[in-house]
Amino acid sequence: MAVSAIETQAKPRVVLSARGLRRDFGGFTAVKNVDLDVHDASVHALIGPNGAGKTTVFNLLTKFLQPTSGSITLMGTDITGTPPDRVARMGLVRSFQISAVFPHLSVLDNVRVALQRPNNLSTQFWRPLSALDRLNERAEQLLASVGLSKERDHVAADLSYGRKRVLEIATTLALDPKVLLLDEPMAGMGLEDVGVVSAIIRDVARDRAVLMVEHNLSVVANICQHVTVLQRGEILAEGDYATVSQDERVRVAYMGTEEH
Amino acid sequence: MTMIFGIPLQALLGQLLIGLINGSFYALLSLGLAIIFGLLRVINFAHGAQYMLGAFVAYLLLTYAGIGYWPSLILAPVIVGLAGAVIERLFLRRLYDLDPLYGLLFTFGMALAVEGTFRFLYGSSGQPYATPAALAGGANLGFMFLPIYRGWVVVVSLVVCLGTWLLIEKTKLGAYLRAATENAVLVQVFGVNVPVLLTLTYALGAGLAAFAGVLAAPIYQVSPLMGSNMIIVVFAVVVVGGMGSIMGAIITGYVLGIAEGLTKVFYPEASNIVIFVIMAIVLLLRPAGLFGRDA
Amino acid sequence: MAALLEIQDLNAWYGESHVLHGVDMRVGEGETITILGRNGVGKTTTLRTITGIVRARKGRISFAGSDMMQVPLHKTAHRGIGFVPEERGIFSTLTVSENLLLPPVVAKGGMTLDEIYELFPNLYERRGSPGTKLSGGEQQMLAIARILRTGVRLLILDEPTEGLAPVIVQRIGEVLQTLKGRGMTILLVEQNFRFASRIADRFYLMDHGQMVSEFPVGELPQRMDTLHKVLGV
Amino acid sequence: MTDITDTIRTERSRTALSVQAGFLLVGLLLLLLAPFFFYPIFLMKLLCFALFACAFNLLLGYTGLLSFGHATFFGGAAYFTAYTVKAWGLPPELGILIGVAGAAFLGLVMGFFAIRRQGIYFAMITLALSQMFFFFCLQAKFTEGEDGIQSVPRGHLFGFIDLNSSTNMYYFVLAVFLIGVLIIWRFINSPFGMILKSIRENEQRAISLGYSVARYKLGAFVMSAALAGLAGGVKSIVFQFATLTDVAWQMSGEVILMTLLGGIGTLIGPLFGAGLVVALENYLATSEFPVTIITGIVFMVCVLIFRRGIIGEFYASRLGRKLGFVYRR
Amino acid sequence: QSAADGKVKIGILNDQSGVYADFGGKSSVEAAKMAVEDFGGKVLGVPVEIVDADHQNKPDIASNIARQWYDTEQVDAIMELTTSSVALAVQAIAKEKKKIDIVTGAATTDLTGKACSPYGFHWAYDTHALAVGTGGALVKQGGDSWFFLTADYAFGYSLEQQTTDYVKASGGTVVGAVRHPLSSQDFSSFLLQAQSSGAKVIGLANAGLDTSNAIKQAAEFGITQGGQHLAALLFTLAEVHGLGLEAAQGLTLTEGFYWNRDDESRAFAKKFFARTNKMPNMIHTGTYSAVTQYLKAVQKAGTDETEAVAKVLHEMPVDDVFGRGGTVGANGRMIHDMYLLQVKKPADSKEPWDYFNVLATIPGKEAYIDPAKSGCDLVK
Ligand SMILES: Nc1ncnc2c1ncn2[C@@H]1O[C@H](COP(=O)(O)OP(=O)(O)OP(=O)(O)O)[C@@H](O)[C@H]1O
Ligand SMILES: Nc1ncnc2c1ncn2[C@@H]1O[C@H](COP(=O)(O)OP(=O)(O)OP(=O)(O)O)[C@@H](O)[C@H]1O
Ligand SMILES: [Mg+2]
Ligand SMILES: [Mg+2]
């Protein structure tokens with residue numbers, strides 16, 4: 001997909017892009033020929049029927065899976081062969097479809113663990129734990145921004161499902177990523193949290209790129225500037241929500257006939 | 001005479017065959033270990049002790065009850081399997097909800113205790129067990145003299161391995177077992193009596209080890225130490241094969257037996273560690289093992 | 001309508017934490033019931049206690065007239081209760097078709113394999129691959145599909161539409177309607193209010209480990225206020 | 001893995017803190033006075049094994065990795081120290097340092113392979129690799145086969161403390177033990193330790209936060225190996241020999257037993273575990289009962305009903321909690 | 001006359017639960033107690049006490065016990081000491097503490113070589129004696145071409161090396177050797193190589209279970225029927241018993257004692273059997289002999305003080321059921337006759353434990369290293 005010169009001027013710059021992405025599992029091709037551009041300061045939704053390959057695309061982009069072919073570029077650097085932890089350090093951070101917190105650490109510690117690396121406080125085995133106290137301020141800010149201040153000293157395992165997902169987002173934000181990949185951040189969340197998280201995501205995307213998989217179409221409609229629809233591993237349609245949701249093929253393959 | 005790397009082809013053939021025989025034991029043992037691990041998530045450190053028990057039960061049956069090899073071939077695994085079932089019911093069962101390392105430690109202790117007991121009662125230099133009359137003697141294959149009994153070991157171990165594989169991979173019972181491994185509660189919710197299944201599994205694994213023990217009795221000295229010498233190698237076999245598949249355990253068992261056999265010709269000093277070296281290489285190239293699934 | 005499932009003063013615990021505080025509930029033969037409630041109020045726990053997975057429980061559960069409190073876990077299915085758990089519980093070491101065939105058939109009247117594949121063509125396509133290599137949505141379908149074979153009388157579903165694409169949600173809605181039509185009793189926990197309102201006959205609203213209200217689908221419009229308060233709909 | 005920690009940062013009352021400080025002081029005093037009541041060689045052996053078990057526990061209790069090959073580091077270092085001190089005439093402190101370095105190197109190599117897998121695979125791989133090392137030691141020339149390196153001179157520490165005096169030797173061993181435990185304590189309560197903990201909790205998540213999990217695990221592994229080596233090196237000076245028993249896999253089993261008995265994931269549990277095992281071995285040596293049977297049964301009983309170990313059970317008991325100890329699962 | 005500390009106490013320290021438990025084990029303790037009883041239970045008017053401990057094959061446990069015995073329990077002499085690592089460690093301690101140790105269980109010649117002690121004695125056998133017995137004597141019987149199956153570590157090498165020397169010295173040849181790892185279960189590969197070498201004698205330079213398994217599998221592969229001879233370099237009556245005559249027949253080995261040799265040995269063995277339910281091998285009888293000789297020495301010295309007793313032990317000839325006509329070298333080596341034995345066919349065995357034919361007697365002077373050439377720095 002060629003991006004014309006005029007478009008690049010008008011739009012914010014591309015921070016993450018994939019070309020010709022393909023992944024085979026045995027004889028089965030889960031993702032084929034996917035070109036994707038994620039822009040700075042925007043929320044980009046990846047939607048599609050179950051099994052379309054969305055999570056696989058995520059895994060490929062974050063290098064948890066190695067693509068069979070194709071290339072990935074992060075902020076101008078080719079990361080096709082880079083290991084996942086490197087990719088994370090370069091500013092591309094993901095969340096998981098199943099919630100991922102450190103269950104037996106306190107809520108505060110969950111965030112602090114994420115803050116340790118960017119603050120160069122992760123390999124010092126000779127310093128006391130209190131060395132980490134200078135991260136508290138930032139950690140508390142982050143917790144406050146997602147409304148978890150009250151639960152600061154709870155053990156993460158004791159949080160409800162929705163709260164865990166919120167915590168996960170706070171942890172992710174602690175890394176101050178340039179690109180954020182969220183796999184179904186609202187799944188299983190009560191409505192009250194959906195609103196909160198939508199607001200957070202919109203807020204976050206002011207100065208970074210967010211790519212998210214989401215089935216909750218009202219969320220997609222509300223906060224995503226850009227939508228890519230995947231079907232059977234291939235891109236079916238692209239554009240803003242209004243365009244995509246009018247597409248007949250998308251309606252048949254994904255949205256169904258009912259009103260949303 | 002044809003030579004390969006300075007070794008006569010005939011000798012090489014002989015060594016290959018012998019490797020296959022050893023592989024039979026590895027296969028039988030790693031199979032049992034893989035089943036118990038696969039289904040119960042217990043690393044059965046007592047596997048070597050159960051192998052030893054198989055041989056000892058055969059010896060005791062012969063000495064005190066006059067029961068010979070053939071009935072022992074069935075009886076000993078059944079007895080050891082039953083003992084395994086009792087152990088599972090009384091003890092192992094309590095460890096399923098814990099980290100698998102506790103199962104490992106428990107069976108490790110059990111192995112020590114069982115081995116110690118037999119050493120206490122029967123000494124460490126071992127007991128004699130004669131080859132059954134029907135399988136005594138040997139056949140001259142031209143390139144080597146093959147004791148008939150060894151041929152029998154290869155055949156019967158192949159049959160038992162394949163039979164077990166079929167049972168687990170191709171039957172409904174096997175499907176229950178595999179499912180129960182992953183989520184016992186759910187399988188139970190579906191209406192399957194999982195606790196009984198697990199007991200049977202452990203008994204089956206222990207029985208397989210004992211079966212290998214009976215097979216080994218006429219070849220090796222029946223000694224309390226025979227199991228502990230074997231178990232670490234079998235662990236390595238299992239790591240190389242990867243715990244994901246039953247077939248993997250079987251094939252790896254045979255292949256490594258042969259690899260070890262060949263090393264005994266080309267570089268005998270290394271024959272004890274060749275399996276560990278292979279293990280290291282496999283880990284570098286395929287961390288999940290040759291047949292294992294990625295964790 | 002005769003009560004197929006009747007629950008009185010049900011209490012349940014996880015270790016020392018008391019989660020259900022006296023749940024009362026009644027599910028009639030052939031009825032479809034949906035339990036609504038916010039995250040963490042004990043919906044899943046209610047279902048797990050009914051099926052017997054949570055064993056630290058007190059109170060009364062009777063199913064088809066007989067007491068279920070003493071029935072061992074592996075016998076509940078044979079009494080006619082089928083369960084689709086929230087986390088789906090697909091077995092990765094089993095292929096899709098093995099997963100499908102795993103639960104023993106407990107009574108006549110279940111769907112045939114062909115019917116199931118017709119309902120879920122995805123599954124047919126991928127029947128030979130390992131269960132957990134399916135996508136999230138495919139797994140959910142598989143989890144429902146495999147219970148349909150067994151011929152249970154009561155189908156218990158925990159958030160069957162979580163993480164599913166709208167088309168699939170629609171299809172599952174249709175499937176549940178079909179089952180309803182065949183006289184199956186369904187007990188459902190759902191966050192997707194729109195979905196639930198389309199298939200349920202009656203609702204229970206849950207809060208703090210208790211049922212706080214109960215109403216038929218017809219009263220929905222009058223109840224919107226309460227729901228709004230409790231659920232934030 | 002049961003998740004257990006000597007929590008350092010949980011709310012504790014002031015009284016609890018002072019109670020614990022009291023315990024610590026009394027403990028130290030006992031260790032200082034011990035040689036006046038017990039046979040010194042027994043105490044030294046105990047301390048060596050206790051340090052070994054503490055080092056092992058660093059890996060098991062705080063990183064969740066069960067190594068079944070720690071004898072390699074303990075025994076390997078014993079060989080290195082014994083050899084350099086005897087054959088090259090190095091002073092004991094240098095010999096021990098070489099032992100530690102050697103053990104760390106072995107840890108690096110073994111860790112490189114083992115950390116590719118987790119849980120019980122990890123255990124089996126370490127077991128197999130340590131078996132390889134055993135065969136190496138059996139066949140290598142410098143270890144002198146089954147005779148072992150014998151008659152290692154104790155020499156003079158820093159050139160002037162005569163270690164042939166058992167009092168001097170004892171206080172040297174005690175100092176090494178205390179320093180070792182201090183290092184471990186610092187290690188687990190450091191920023192690095194925090195990352196280790198998070199890796200144990202959720203490895204995938206730690207990767208996605210940008211941590212190279214493998215390196216952290218390797219770091220912990222090498223640290224644990226080096227400290228085990230410290231214990232082994234000192235032991236070879238104490239006993240004046242290094243033999244195959246120290247590298248045999250039964251030794252790895254023994255250190256697990258000590259840790260399990262004392263309390264996995266407790267800082268000082270291994271001291272008690274080691275004390276019990278060493279005393280038991282000595283006692284059983286002159287009793288009618290075969291040692292392996294007892295050891296085996298102790299293992300089984302421990303796993304079944306005594307899982308938290310002596311110190312863990314104490315921490316978790318009502319008295320322990322009252323005194324402000326925490327044992328978290 | 002009396003013991004210096006009012007007590008004469010002997011410690012038997014050996015492996016009672018591990019791999020060498022049959023070799024010596026608890027039965028050695030019985031042998032020591034028999035020796036004390038036969039001596040009258042008292043020496044210099046004080047009762048003689050035997051203590052024993054199981055070192056579990058761990059030198060550090062052995063070392064701990066030995067120190068404690070010498071330091072705090074007034075043990076005067078420690079004996080048996082199976083396993084060379086233990087024997088060497090304890091002998092070093094004994095030397096430092098100026099106490100007596102008499103090794104019967106371990107094989108290494110280092111004990112009376114570079115690790116010798118003025119208070120240390122090596123009683124029953126050593127690798128050299130085994131090598132000379134089996135290697136030298138067998139060649140004279142016609143077994144003049146050899147192939148070795150050698151355990152791949154120091155012990156195996158030294159057995160192989162020393163035997164090779166004597167095979168060659170007696171005019172035989174060595175056609176090859178194969179090194180097998182310690183505790184190999186399966187020897188068939190190695191046996192096939194030995195078989196195809198065509199050597200008349202297959203020398204088993206290994207010990208314990210390895211030797212047993214090799215012998216058993218040799219029978220299976222028809223090696224002895226094929227006319228080749230098996231010679232075990234370290235093997236005793238106890239192991240033959242475990243193996244059974246069926247598998248062991250025809251095997252040659254060297255021991256320092258055979259119970260069914262003459263009336264005296266038979267009488268001793270009967271008494272021993274009554275207590276232990278097994279016939280004694282050279283370790284058991286050697287321990288009996290060591291205890292007896294020690295008590296005689298105490299008696300003669302008139303004290304249990306180390307220097308005095310050691311002096312008598314070095315000077316006094318041995319005269320008991322085990323070491324008739326034996327002498328003790330300045331390096332501590334007790335020099336006595338050894339026997340080349342061959343395992344009988346099952347049909348030829350007349351009674352239980354009747355296992356051996358005595359093929360030859362090897363005079364002590366030939367069997368053991370001349371103390372002057374032993375490398376022990378005590379020998380001037
Ligand atoms: N490791 C794997 N091996 C084999 N097949 C796989 C693997 N991972 C995913 N698949 C297959 O690839 C397809 C895409 O899966 P993916 O999880 O990416 O879907 P998805 O779009 O995220 O779906 P959902 O919305 O349901 O989560 C599915 O059909 C799945 O079965
Ligand atoms: N295994 C468990 N151990 C301890 N507490 C638990 C466990 N499972 C759930 N809980 C707690 O019990 C309460 C009820 O949980 P439950 O899963 O039943 O809620 P739910 O209504 O199904 O919520 P959701 O909509 O998030 O699924 C919650 O506070 C939860 O934290
Ligand atoms: Mg997905
Ligand atoms: Mg729920």
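Lettering of chains follows the sequences in order, A, B, ..., and the numbering in each one begins at 1. Predicted model, so just to flag it, every value in this text is computed and none were measured. Atoms considered below: every heavy atom in the structure, side chains included; atoms not considered: hydrogens, waters and symmetry mates.
The environment of C:Y124 atom OH is sparse: at most 12 non-hydrogen atoms of other residues, nucleotides or ligands sit within 6.0 angstrom. Around the CD atom of C:E118, the shell of radius 6.0 Å holds no more than 12 heavy atoms that belong to other residues, nucleotides or ligands.
Of all non-hydrogen atoms in C:E98 and B:E169, the two that sit nearest each other are OE2-O, 3.9 Å. The two residues C:L94 and B:R178 make their nearest non-hydrogen contact at CD1-CB, 3.6 Å.
Within the 4.5 angstrom heavy-atom criterion, atoms from both the backbone and the side chain of C:P104 approach chain B. For a residue to count as touching a neighbouring chain, one of its non-hydrogen atoms must lie under 4.5 Å from one of that chain's; by this rule C:I156 does not touch chain B. With a 4.5 angstrom heavy-atom cutoff, C:R146 touches chain B only via side-chain atoms.
Using non-hydrogen atoms only and a strict 4.5 Å limit, the part of residues 54-76 of chain C facing chain B consists of C:L73, C:H74, C:T76. Residues of residues 182-195 of chain B lying under 4.5 angstrom from chain C, judged on non-hydrogen atoms, are B:E182, B:N183, B:V185, B:L186, B:V187, B:Q188, B:V189, B:F190, B:G191, B:V192, B:N193 in numerical order. Proximity to chain C at a heavy-atom threshold of 4.5 Å picks out nothing from residues 79-96 of chain B.
In this structure, OG1 in C:T93 is found 11.0 Å from CD1 in B:I168, a value given to the nearest 0.5 Å.
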Contacts under 3.5 angstrom, residues 105-113 of chain C side chains, donor-acceptor by atom type, not counting sequence neighbours:
from	atom 1	to	atom 2	distance (Å)
C:T112	OG1	C:E115	N	3.2
C:T112	OG1	C:E115	OE1	3.3

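The closest donor-acceptor contact from the side chain of B:K172 to the backbone of C:L101 lies under 3.5 Å.
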